[in-house]
Number of protein chains: 2
Amino acid sequence: MNTNTNFIEKLRSSGLRPTKQRIKICEALFDRNETFHFTINDLAKTIEEKLNEKISLATVYNTVHAFKKKGYLKEISINSDKSYFDTNTSVHHHFFDEDTNELIDCNQENIDSINIKNNITGKKINSVEVLIKVASDYQNQK
Amino acid sequence: MNTNTNFIEKLRSSGLRPTKQRIKICEALFDRNETFHFTINDLAKTIEEKLNEKISLATVYNTVHAFKKKGYLKEISINSDKSYFDTNTSVHHHFFDEDTNELIDCNQENIDSINIKNNITGKKINSVEVLIKVASDYQNQK
DNA sequence: TTCTATATTATAATTATTCTAAACTGTTGA
DNA sequence: TCAACAGTTTAGAATAATTATAATATAGAA
Ligand SMILES: [Mn+2]
Ligand SMILES: [Mn+2]
Ligand SMILES: [Zn+2]
Ligand SMILES: [Zn+2]
């Protein structure tokens, strides 16, 4: 596998041992054309069902957090129930579909750049992100 | 207490029985000049320590959710660990101080109105909110 | 190959939140 | 006024997401 060689290099170069499990998780996450959003449970299920590998849930948590720390993943909090992760690590905006609980990337060009007139004194702005909550046009009640 | 009479009316008019506990929680939440952010645990502690009343945690959860449903509170998800609630129920932006985990309101005039050029087809925009993550100028690592 | 730091794993622990079911209370209408 | 009942509170159990533990396994260096 050519891609696996890349993953091994990527892991090694960031100081992570390229273990069987980490490589599998790389496959599940980065062997794609498009970025996507997932929960830890989604990921564990995908690996078990589609990639036919059983990785301990603790390892999936550890690896996802290690990848986040290395900047390969980004964590997104929309509702408090569970945490979403994003393979798109750039600062970017989201639509959140309240009907389906789906998180959808919003192109940066879709929103004009946002200017913060007064920042908190003594602090540096790390990110400015917009969350657009949408729902079906009918039924306003949730 | 004059305010309590108001709380009783408010509760009654929204179809919630004005129980001792709900009135206490109203006091803790709405007997102030400024809106604020809190977690359920903060609230339970405040009631116990400052208002010298012990309310079951289940009741605090129930009441906060009932108030949210009635539109008196708003839930905010910043990190997945716990849920923040806001007595400012308007659509508004936030600063989140990553050093202190503090959530701070951002005046609407502090950001020019945001125009979404392309919305998701068939969906209505319910809210557009900005989250600005800030941290101390030194130390970039978390 | 051997050694050691790291990583994985099953499992237990923790934490936030929700559920349950019994006891209690605000409201209503006789 | 007060009994009756629906709605509410409560302690504690249950759940679900996540993290900690500690024994076992493995990658990489020597
Ligand atoms: Mn909730
Ligand atoms: Mn986390
Ligand atoms: Zn995204
Ligand atoms: Zn706020």
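Convention: sequence-line order gives letters A, B, ...; per-chain numbering from 1.
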> In terms of the nearest nucleotide of DNA chain D, which residue is placed more toward the 5' end: A:Ala58 or A:Asn41?
A:Asn41
> Among C:dT8, D:dT8, D:dT10, which nucleotide sits nearest the side chain of A:Thr63?
C:dT8
> Would you mind telling me which of C:dA10, D:dG28, D:dT8 lies closest to the side-chain atoms of B:Arg17?
D:dT8
> Between A:Asn126 and A:Lys124, is there a side-chain donor-acceptor contact under 3.5 Å, judged purely by atom types and distance?
yes
> Can you tell me the distance, in whole Å, between the CG atom of B:Leu57 and the P atom of D:dT8?
18 Å
> Whether the A:His37 and A:Asp105 side chains hold a donor-acceptor pair (N or O, under 3.5 Å, no angle test) is what I'd like checked.
yes
> Considering every strand and a 4.0 Å limit on heavy-atom distances, what is the contact class for B:Thr19: base, sugar-phosphate, or nothing?
sugar-phosphate
> Which of the following nucleotides, D:dT8, C:dT8, D:dA11, is nearest to the side chain of B:Ser56?
D:dA11
> Just how far, in rounded Å, is C1' of C:dA7 from CZ of A:Phe67?
13 Å
> When the distance from CD of B:Gln21 to C1' of C:dC24 is rounded to whole Å, what number comes out?
10 Å
> What's the CD1-C1' distance between A:Ile40 and D:dA16, to the nearest Å?
14 Å
> Tell me whether the OP1 or OP2 atom of D:dG28 has a side-chain N or O from A:Arg12 closer than 4.0 Å.
yes
> Taking atom P of D:dT10 as reference, at what distance in whole Å does atom NZ of B:Lys24 sit?
13 Å
> What I'd like to find out is whether the side chain of A:Lys74 reaches to under 4.5 Å of the side chain of A:Asn88, using heavy atoms alone.
no
> Could you check which of C:dT17, D:dT18, C:dT9 has an atom nearest any side-chain atom of B:Tyr61?
C:dT17
> In this structure, how many angstroms lie between the C1' atom of D:dT9 and the CG atom of B:Leu16, rounded?
14 Å
> Within a reach of under 6.0 Å around NZ of A:Lys117, are more than 12 heavy atoms found that belong to other residues, nucleotides or ligands?
yes
> C:dT17 P sits how many Å from A:Lys82 NZ, rounded?
15 Å
> Below the 4.0 Å mark, does C:dT17 have OP1 or OP2 next to a side-chain nitrogen or oxygen of B:His65?
no
> Can you tell me how far P of D:dT10 sits from NZ of B:Lys20, to the nearest Å?
7 Å
> Rounded to the nearest 0.5 Å, what separates atom CZ in A:Phe95 from atom CD1 in B:Ile116?
6.0 Å
